[in-house]
2 protein chains.
Amino acid sequence: MSEPRETKASPAMADTDIAIVRIAPETSFKNKAYEALKEAILKMDIYATPEPVMLDERALSERLGVSRTPIREAIAMLEQDGFVKTVPRRGIVVVRRTKAEIVDMIRAWAALESMAARLITTTARKKDISALRDFFKDFNNDRLPQDHIEEYSRANIAFHQALISLSESPVLVDLTNDLLLHVRGYRQLTIGRKDRTATSLPEHLAIIEALEARDTELAEKRARDHTLGLAAYVEAHGQELFT
Amino acid sequence: MSEPRETKASPAMADTDIAIVRIAPETSFKNKAYEALKEAILKMDIYATPEPVMLDERALSERLGVSRTPIREAIAMLEQDGFVKTVPRRGIVVVRRTKAEIVDMIRAWAALESMAARLITTTARKKDISALRDFFKDFNNDRLPQDHIEEYSRANIAFHQALISLSESPVLVDLTNDLLLHVRGYRQLTIGRKDRTATSLPEHLAIIEALEARDTELAEKRARDHTLGLAAYVEAHGQELFT
DNA sequence: TGAAGATTTTTGGCATACCAAATACCACGA
DNA sequence: TCGTGGTATTTGGTATGCCAAAAATCTTCA
């Protein structure tokens, strides 16, 4: 059962090491199911209907063409993420967050992002910091964010993720991404509001300026206050969205 | 197949609702296995041996007296937590963190704790804040922390967890607990160091004072700097612990 | 007609069997 | 003795089947 890795196994070619990339790990059905279900959950509007959204193992296994086993493992993973909650003998329900929980998550996000800003002032390159402006290059006084809310919202998220990434901290990046996934479904309904969008862009630019100035305390404060502002906004105006 | 819920199902007792606590959900084998494995992993000293620690599904299922199915689901959950990593056709390995990762986690912890401190200054009761001193009531000039490192280390962790809890923020609490679990195994080897322990207690007291004074900015800064100090310490002195 | 009660169906939990890849092991031959 | 090739074993991945609890549906009788 010789593997066609090399034609010959002579020691002479020990370090010629042709670019063998460990073949393809062929992600398992479990992981495929996890990704598929996660995407599906994030895509649907959980807050649209009053009745809870349920998932059915057998239906999903048939739908994805695999057995229940990998489906169940994927669901166990999603439950760890806090996206679903399985109730024994009852069903699997997609978790709906309350307004208080969303606000709480945004606060944690603010904490992580302000730390990212702090780190950036001491390690990031000037060039990379300045590049953050590019996310908003399509917006100006002639093309206001509040007139292209959908587009601005995407730029907004991309900006925040790029900002965190500049911290070079995998933990901050991962934790923030997780939080953003939860806030997101709700986000599209709130961030888009014109009244807040108007103040968003100037605040972003102010953050970038503080970062460029290497003003650690100021950058941290501006990043924190900006996101805490969103939390306060949601807390004050997000009432109607939660049943 | 009548269930002995009530002797009679007359509408008259519809809202008498005797404290029925949903019976016992009898935590599933999956969850039992998850808890058991998690505890086992946290208890062992992963950094002791040079070779990676492996887990065997079949051995575990036999050990815990259940089939592989719930074991595999538990492992899928642990993998989400970042405690283990399963390599197809190779095995399940308990993840070992590098020094850089531990430092990174401590920084994130600092971010979350400083936000907790911020929130506490605006919402917590004076009484609850002052109660934080109790964790250190067994230490004083006649009984120095550095002479009872093991005991002080426990008090230290308890203090930090109590602090975060005072924020009344479930997200901050959960995220911090997760981070602490990862840092912990390493922590017993570093926090215990005498040189740092000596400065730890005064800093804790300073944090409490700022909280009592309702000085938001100061409390936040002290909480952040205290934990960032730990991060810096680990970064500087934790070399030898990672192979 | 209506509701208690029995029956069927649905749903998640768990055990088991088999597969294929990766590895370990072993015998044979130069 | 060394190593080459093949076979047995190990290990995670997946499919299936059955169980019991809970819900839905049907039955029956006052």
Across nucleotides 14-20 of chain C, 5' to 3', mark each nucleotide with B, S or - according to how protein heavy atoms within less than 4.0 Å reach it. SBBB--B
What pairs of donor and acceptor atoms, side-chain ones from residues 59-66 of chain B against any protein atom, are under 3.5 angstrom apart with sequence neighbours left out?
residue : atom : partner : partner atom : Å
B:S61   : OG   : B:R58   : O            : 2.9

Roughly, in whole Å, what's the span from [atom1] in [X] to [atom2] in [N]?
{"X": "A:K85", "N": "C:dG12", "atom1": "NZ", "atom2": "P", "answer": "14 Å"}
{"X": "A:I71", "N": "D:dT14", "atom1": "CD1", "atom2": "C1'", "answer": "11 Å"}
{"X": "A:D56", "N": "C:dT10", "atom1": "CG", "atom2": "C1'", "answer": "8 Å"}
{"X": "A:Y34", "N": "D:dG13", "atom1": "OH", "atom2": "C1'", "answer": "19 Å"}
{"X": "B:I92", "N": "D:dG13", "atom1": "CD1", "atom2": "P", "answer": "7 Å"}
{"X": "A:E57", "N": "D:dG17", "atom1": "CD", "atom2": "P", "answer": "16 Å"}

Name all pairs fulfilling the side-chain hydrogen bond (donor to acceptor under 3.5 Å, both in side chains) condition that reach into residues 164-174 of chain A, sequence neighbours left out, sorted by first residue then second.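 Output for this query lists A:S169-B:D104.
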With sequence neighbours excluded, tell me which residues meet side-chain contact (heavy atoms from CB on, under 4.5 Å) with A:R154.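 Only A:E150, A:E151 meet the side-chain contact (heavy atoms from CB on, under 4.5 Å) criterion with A:R154.
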Partner residues of A:D128 under the side-chain contact (heavy atoms from CB on, under 4.5 Å) criterion, sequence neighbours left out: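 Partners of A:D128 under the side-chain contact (heavy atoms from CB on, under 4.5 Å) test: A:R125, A:L166.
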Only counting residues at least two apart or in another chain, list the ones meeting side chain to side chain donor-acceptor pair (under 3.5 Å) with A:D178.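 Once residues adjacent in sequence are excluded, A:D178 has no partner under the side chain to side chain donor-acceptor pair (under 3.5 Å) criterion.
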With sugar-phosphate meaning primed atoms plus P, OP1 and OP2, does A:T86 contact a base, only sugar-phosphate, or nothing at under 4.0 Å between heavy atoms?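 Contact class for A:T86: sugar-phosphate only.
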For A:L55, report the nucleic acid contact type (base, sugar-phosphate, nothing); a contact means any heavy atom under 4.0 Å.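 Sugar-phosphate only.
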A:V94 side chain reached by A:F83 side chain, heavy atoms, under 4.5 Å: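 No, every pair of side-chain atoms sits at 4.5 Å or beyond.
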